[in-house]
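Okay, structure first, notes after.
Below, chain A is the first sequence line, B the second, and so on; all start at residue 1.
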Amino acid sequence: EPEVTQTPSHQVTQMGQEVILRCVPISNHLYFYWYRQILGQKVEFLVSFYNNEISEKSEIFDDQFSVERPDGSNFTLKIRSTKLEDSAMYFCASRAVAGDLGNEQFFGPGTRLTVL
Amino acid sequence: KNQVEQSPQSLIILEGKNCTLQCNYTVSPFSNLRWYKQDTGRGPVSLTIMTFSENTKSNGRYTATLDADTKQSSLHITASQLSDSASYICVVSAKGNNRLAFGKGNQVVVIP
């Protein structure tokens, strides 16, 4: 069964360093998302991406964040200068088509980012 | 502001027993509501989805209900198994909105 994959599973970095989190969405999906979940908190929307551009972003997704689909397969989230508060689980999700009904977002297993 | 509140925050149940998890939401205009199961260290996996016109949906031992008038949903787990230990997240989608509104989750621990 096709699934969303994410690498690495755990990333440890020093404050101020750049990190790139990688995702491979399900192959025929068109909509891509990044979410984060701080330990003990709810999952929070970061950004949605369609047709090679950001379609929506949250207040969390500031200038330190960027997303890219560099090769038609991978979908990446870059954090330019990490802060301690960026420590969280980051989930990628993909969806086949837009629409209100059905069209489930499939989530990857997540990347745990630890900023020291 | 679109919000989703879940209760109880956590519960411990004996293997074989039933339990019910609650979700209240203020998302509007409502499109659909999903219950996800999230195992520790894993991504959420969809269990059920319900639209405005549906008031109950089953998936094996999981049965979800929806009251769109009172904006409440419940997830009932029947004859719990140890593998049911997980966080159960209520996720609500608004019409015409790409975003999903997540609850904080109900942490369920099933003990032998």
Side-chain angles (χ1 to χ4, degrees), chain A residues 1 3-6 8-10 21 23-26 30-51 53-61 88-113, chain B residues 1-10 21 23-54 57 59 64 66 68 86-107:
Chain A
E1 186 173 334
E3 58 183 14
V4 177
T5 59
Q6 291 185 242
S9 57
H10 192 186
L21 310 182
C23 168
V24 179
I26 294 173
L30 301 176
Y31 294 81
F32 313 109
Y33 306 83
W34 281 102
Y35 296 86
R36 80 170 185 192
Q37 186 177 29
I38 295 171
L39 187 63
Q41 302 297 316
K42 63 178 67 176
V43 176
E44 301 172 290
F45 169 81
L46 290 178
V47 67
S48 60
F49 191 87
Y50 169 71
N51 199 26
E53 60 182 23
I54 290 174
S55 48
E56 190 174 358
K57 59 183 180 180
S58 73
E59 314 73 46
I60 303 167
F61 194 89
M89 196 78 163
Y90 288 81
F91 293 106
C92 171
S94 71
R95 175 189 233 179
V97 294
D100 292 334
L101 300 180
N103 297 315
E104 175 184 350
Q105 289 186 27
F106 291 83
F107 287 80
T111 292
R112 179 168 297 284
L113 176 65
Chain B
K1 185 177 178 181
N2 289 335
Q3 287 193 318
V4 178
E5 300 293 334
Q6 294 186 240
S7 63
Q9 183 177 350
S10 62
L21 314 175
C23 172
N24 297 326
Y25 62 91
T26 60
V27 176
S28 183
F30 175 81
S31 174
N32 62 72
L33 183 149
R34 291 183 188 272
W35 282 93
Y36 281 85
K37 180 185 179 188
Q38 185 180 19
D39 292 311
T40 301
R42 306 293 298 175
V45 176
S46 180
L47 294 174
T48 64
I49 177 173
M50 286 180 294
T51 58
F52 186 88
S53 59
E54 297 172 299
K57 184 73 70 78
N59 177 2
L66 173 66
S87 179
Y88 291 85
I89 305 173
C90 178
V91 182
V92 185
S93 176
K95 279 188 188 295
N97 193 325
N98 227 352
R99 298 193 192 192
L100 301 177
F102 286 77
K104 201 171 176 180
N106 306 101
Q107 187 67 44

Drop me the distance from B:Ser87's OG to A:Lys42's NZ, to the nearest 0.5 angstrom.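 The NZ atom of A:Lys42 is 12.0 Å from OG of B:Ser87, to the nearest 0.5 Å.
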Got B:Leu100 and A:Tyr33 here, is their nearest side-chain heavy-atom distance under 4.5 Å? no
So B:Gln38 and A:Gln37, do their side chains get closer than 4.5 Å, heavy atoms only?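 Heavy-atom side-chain distance check passes, below 4.5 Å.
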Below 4.5 Å, heavy-atom pairs only: which of A:Tyr50, A:Phe91, A:Phe107 has the largest tally toward chain B?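 When all of A:Tyr50, A:Phe91, A:Phe107 are compared, A:Phe107 has the most.
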Between A:Gln6 and chain B, which part of the residue has a heavy atom less than 4.5 Å away: side chain, backbone, both or neither? neither
If one checks every heavy atom of A:Ser9 against chain B at 4.5 Å, the contacting part turns out to be neither
With a 4.5 angstrom heavy-atom cut-off, could you sort out which part of B:Gln107 is near chain A: side chain, backbone, both or neither? neither
Within a reach of under 6.0 Å around NZ of A:Lys57, are more than 12 heavy atoms found that belong to other residues, nucleotides or ligands?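 Counting neighbours around NZ of A:Lys57, 12 or fewer heavy atoms of other residues, nucleotides or ligands fall under 6.0 Å, so no.
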Output all residues satisfying ring pair (Phe, Tyr, Trp, His ring centres under 6.0 Å) with B:Trp35, sequence neighbours left out; order by chain, then residue number. none
What pairs with B:Glu54 under side-chain contact (heavy atoms from CB on, under 4.5 Å), at least two apart in sequence or on another chain? B:Met50, B:Thr51, B:Lys57
Largest heavy-atom contact set with chain A, pairs under 4.5 Å, which of B:Gly103, B:Gly41, B:Pro44: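 Highest number of heavy-atom pairs under 4.5 Å: B:Pro44.
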